[in-house]
Asks: 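Before anything else, here's the structure in question.
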Amino acid sequence: MVNELYPYIVEFEEEAESPGLETHRKRKRSGNNDSIERGAAQEADSHTGLEPGSDPGQCSVPSKKEKDASTKKESLGHWSQGLKISMQDPKMQVYKDEQVVVIKDKYPKARHHWLVLPWASISSLKAVTREHLELLKHMHTVGEKMITDFAGSSKLRFRLGYHAIPSMSHVHLHVISQDFDSPCLKNKKHWNSFNTEYFIESQAVIEMVQTTGRVSVRDGMPELLKLPLRCHECQQLLPSIPQLKEHLRRHWPK
DNA sequence: GTTCTAGAAC
DNA sequence: GTTCTAGAAC
């Protein structure tokens with residue numbers, strides 16, 4: 001029953017693209033136009049678009065217990081595995097070295113929002129041990145380099161950290177500017193995941209691993225996501241997301 | 001993680 | 001009546 005994950009073999013020179021991952025996306029939204037097409041930009045949006053239920057090829061799914069090809073393909077196509085695919089795509093890679101790769105978050109929650117991922121397959125913080133200490137430090141250093149290289153002249157403040165309970169598989173360090181000026185930031189969960197203890201500072205993770213050899217995540221994390229909306233700069237409570245977003249403007253750097 | 005939308009909140 | 005949130009997605 002052990003799920004065998006494929007090794008992340010990466011060719012540094014020229015990565016062969018895998019065609020056929022793309023699916024039709026004929027769906028149209030009728031209602032609001034949420035011009036989401038900013039950060040992810042050009043072709044960034046083109047893959048990983050595996051919408052459940054929109055698989056035109058197979059309408060009939062008779063048996064539910066097939067452990068072979070179909071199941072494996074499905075697990076890789078599942079949305080929670082999206083980072084594993086994106087990080088391999090040269091078009092998505094903003095930076096890479098022997099240990100890590102950086103991509104832009106597909107749905108950035110601020111003007112700058114990168115993800116730093118190790119090539120090594122580490123499913124989550126739960127799997128982190130002292131053996132990963134230097135790797136974690138390197139991820140942090142690379143995150144800081146992203147800031148100086150791509151936002152050095154901006155006055156934006158940044159935070160580096162991990163979600164206590166990430167939705168996406170594969171350990172990833174968030175590097176995010178603190179303007180939270182993005183159309184992709186839409187709900188309370190988005191806000192609280194970056195502005196409560198749900199967001200664990202990279203430095204804290206490093207120190208935890210250094211001293212205890214692992215990362216302990218406190219209880220009650222899911223509840224944090226439901227807390228009232230509070231401004232991270234002045235602590236003011238805001239009654240709704242639209243009002244929070246309007247409020248945030250006053251803290252933007254000039 | 002996102003989309004979609006019913007119905008709560010205003 | 002419109003805005004906004006929150007839960008399902010087979």
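The structure displayed is predicted, hence computed values, not measured ones.
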Asks: Polar-atom pairs under 3.5 Å, protein N or O versus N or O of nucleotides 4-7 of chain C: list them with distances, or write none.
Replies:
unit_1, atom_1, unit_2, atom_2, d
C:dT5, OP1, A:Ile241, N, 2.8

Asks: Give the rounded distance in Å between these two atoms: CG of A:Leu238 and P of B:dC10.
Replies: 14 Å
Asks: Can you list, pair by pair, the side-chain donor-acceptor contacts under 3.5 Å of residues 140-153 of chain A, counting residues two or more places apart and other chains?
Replies:
unit_1, atom_1, unit_2, atom_2, d
A:His140, ND1, A:Ser202, OG, 2.7
A:His140, NE2, A:Glu144, OE2, 3.2
A:Thr141, OG1, A:Lys137, O, 3.1
A:Lys145, NZ, A:Asp149, OD2, 2.6
A:Thr148, OG1, A:Glu144, O, 3.4
A:Thr148, OG1, A:Lys145, O, 3.0

Asks: List in chain and number order the residues that pass ring-ring contact (aromatic ring centres under 6.0 Å, His included) with A:His174, two or more places apart in sequence or in another chain; answer none if no residue qualifies.
Replies: A:His113, A:His163, A:His172, A:Phe194
Asks: I need the CG-P distance between A:Leu83 and B:dG1, as an integer number of Å.
Replies: 10 Å
Asks: Check whether any side-chain nitrogen or oxygen of A:His172 sits under 4.0 Å from OP1 or OP2 of B:dG1, and answer yes or no.
Replies: no
Asks: In whole Å, I'd like the distance from the CD1 atom of A:Ile165 to the C1' atom of B:dG1.
Replies: 14 Å
Asks: A:Ser177 side chain to A:Ala110 main-chain N or O, any donor-acceptor pair under 3.5 Å?
Replies: no
Asks: Throw together a table of side-chain donor-acceptor distances under 3.5 angstrom for residues 213-232 of chain A, partners on residues two or more places apart or in other chains.
Replies:
unit_1, atom_1, unit_2, atom_2, d
A:Arg230, NH1, A:Gln235, O, 2.7
A:His232, NE2, A:Gln178, O, 2.8

Asks: Do any pairs count as a salt bridge (Lys or Arg N to Asp or Glu O under 4.0 Å) and have a residue in residues 112-130 of chain A, sequence neighbours left out, and if so which ones?
Replies: none
Asks: Can you name the salt bridge (charged side-chain N to carboxylate O under 4.0 Å, His left out) partners of A:Glu233, sequence neighbours left out?
Replies: A:Arg157
Asks: Atom NZ of A:Lys189 to atom P of C:dA8: distance rounded to whole Å?
Replies: 13 Å
Asks: Can you tell me which stems DNA chain C forms when a stem means 3 or more consecutive Watson-Crick or G-U pairs under 3.5 Å?
Replies: B:2-10 with C:1-9
Asks: Does OP1 or OP2 of B:dG1 have a side-chain N or O of A:Lys84 closer than 4.0 Å?
Replies: no
Asks: Could you work out, with side-chain contact (heavy atoms from CB on, under 4.5 Å) as the rule, every residue matching A:Ser80, not counting sequence neighbours?
Replies: A:His78
Asks: Any pair with a residue in residues 244-254 of chain A that passes side chain to side chain donor-acceptor pair (under 3.5 Å), sequence neighbours left out, goes on the list, sorted by first then second residue, please.
Replies: A:His247-A:His251
